[in-house]
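First comes the structure, then the notes that go with it.
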Amino acid sequence: MSTTNSIAVVTGSARGIGQGIAQRLGADGHHVIVADLPTMQEGVQETVSTIEAAGGKATGAEVDVTDQASVEALVATAVEVGGKLDVFVANAGIAQVEPLIDYSKEDFEKILNVNITGVFLSYQAAAKQMIEQGDGGKIIGAASIVAFRPFALLSPYSATKWAVRGLTQGAAMEWAKHGITVNAYGPGIVGTSMWDLIDEKLGEQ
């Protein structure tokens, strides 16, 4: 797609894979809305600065992907900045390394809320805006290698990423008629702070 005046949102982009995606989109000519939790705004500004230093355009934003109003406000911010929404990358997610037998109900609900509900709310809000615009768009979600082959001690995380695959494929079928493509990416091991934690915990077993 042409990146001239294109507006791209990336959630969870204060660090890690999300930061890398935001930087690449900025380098490719998109105006990137760099979004993350209120507590991650230092990282958000770092991502914005690196995009701008490389000659790109970026705007920082706050979002809690588990909160519908927050996600809708993020889409509104993108429209306010550029008049439209072209790309939405639902990258935000969390992981917890723990034996399934010890996993608490509260932690299970939390990972579902961020990794599944957060993607659902992101997809839905982005699609509504793109459908209203009438000229299609691209929606992308974060799956993982564990969406194809789960890891021990990451069972709930693996379950959420399998669910992202299903949600993505269903959304793609529903929204194709609007010119919206919906895809998910499934990274393997990437040297991020999330992987460092996973590696440390797995090494203790």
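Keep in mind it's a predicted model, so treat the numbers as computed, not measured.
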* To do: Using atom types as modelled and distance alone, determine if a side-chain donor or acceptor of Thr11 lies under 3.5 Å from a backbone N or O of Asn91.
  => yes

* Is a donor on one side and an acceptor on the other found under 3.5 Å between the side chain of Asp86 and the backbone of Gly137? -> no

* Asked: Are Asn115 and Lys161 close enough that some pair of their side-chain heavy atoms sits under 4.5 Å apart?
  -> yes

* Go through the side-chain N and O atoms of His31 and Ser6 and say whether any donor and acceptor fall under 3.5 Å apart. => no

* Asked: Do Tyr123 and Thr168 have side-chain N/O donor and acceptor atoms under 3.5 Å apart?
  -> yes

* Could you tell me the separation between the CD atom of Gln96 and the OH atom of Tyr103, rounded to the nearest 0.5 Å? => 4.0 Å

* Asked: Could you go step by step and tell me if Leu121 and Val65 meet the side chain to side chain contact (heavy atoms under 4.5 Å, CB included) rule?
  -> CA-CA 7 Å; Leu121 292 174; Val65 297; over 6 Å; no

* side chain to side chain contact (heavy atoms under 4.5 Å, CB included) evaluation trace for Val10 with Leu25 -> CA-CA 9 Å; Val10 186; Leu25 287 172; 3.7 Å; yes

* To do: Give the intermediate values and the outcome of side chain to side chain contact (heavy atoms under 4.5 Å, CB included) for residues Val87 and Ile7.
  => CA-CA 6 Å; Val87 179; Ile7 305 298; over 6 Å; no

* Asked: How many angstroms lie between CG in Asp36 and CZ in Arg15, if you round to the nearest 0.5 Å?
  -> 8.0 Å

* CA sep, side-chain torsions, deciding dist, call: Gln129, Gln133, side chain to side chain donor-acceptor pair (under 3.5 Å) -> CA-CA 6 Å; Gln129 177 62 36; Gln133 292 168 186; 2.9 Å; yes

* Atom pair CD (Glu106) and CD1 (Ile111), whose distance is rounded to the nearest 0.5 Å -> 14.0 Å

* Report yes if the side chains of Val34 and Thr59 come closer than 4.5 Å at any heavy-atom pair, otherwise no. => no

* Is there a donor-acceptor pair closer than 3.5 Å between any side-chain N or O of Thr160 and the backbone N or O of Tyr157? -> yes

* Polar side-chain atom of Gln41 near backbone of Leu37 as donor-acceptor pair, under 3.5 Å -> yes

* Asked: With no hydrogens and no angle check, is any side-chain donor or acceptor of Ser104 less than 3.5 Å from a backbone partner on Asp107?
  -> yes

* Asked: Under the 3.5 angstrom rule, does the side chain of Trp175 hit a backbone N or O of Gly170 as a donor-acceptor pair?
  -> no

* Run the side chain to side chain contact (heavy atoms under 4.5 Å, CB included) check on Ile180 and Lys138 step by step: do they pass? -> CA-CA 6 Å; Ile180 300 170; Lys138 298 183 182 298; over 6 Å; no

* Asked: Just wondering, do Glu174 and Val182 contact through their side chains at under 4.5 Å, heavy atoms?
  -> no

* Asked: Is it true that a side-chain atom of Arg165 and a backbone atom of Ala147 form a donor plus acceptor pair closer than 3.5 Å?
  -> yes

* Mark yes or no for whether Thr47, through its side chain, and Gln19, through its backbone, hold a donor-acceptor pair below 3.5 Å. => no

* To do: Give a yes or no on whether Glu80 atom CD has more than 12 heavy-atom contacts from other residues, nucleotides or ligands under 6.0 Å away.
  => no

* Is Lys128 salt-bridged to Glu132, cutoff N-O under 4.0 Å? -> no

* **Other residues, nucleotides, ligands: >12 heavy atoms within 6.0 Å of Tyr185 OH** => yes

* To do: Show your working on side chain to side chain donor-acceptor pair (under 3.5 Å) between Ser70 and Asp64 and close with a plain yes or no.
  => CA-CA 6 Å; Ser70 180; Asp64 176 352; over 6 Å; no

* **Stepwise salt bridge (Lys or Arg N to Asp or Glu O under 4.0 Å) test for Glu109 and Lys105** => CA-CA 6 Å; Glu109 290 173 344; Lys105 180 174 180 287; 2.5 Å; yes

* Asked: Going from CD on Glu46 to OG on Ser13, what distance comes out if it is rounded to the nearest 0.5 angstrom?
  -> 11.5 Å

* The single option from Ile33, Ile140, Leu74 passing side-chain contact (heavy atoms from CB on, under 4.5 Å) against Phe88 -> Leu74

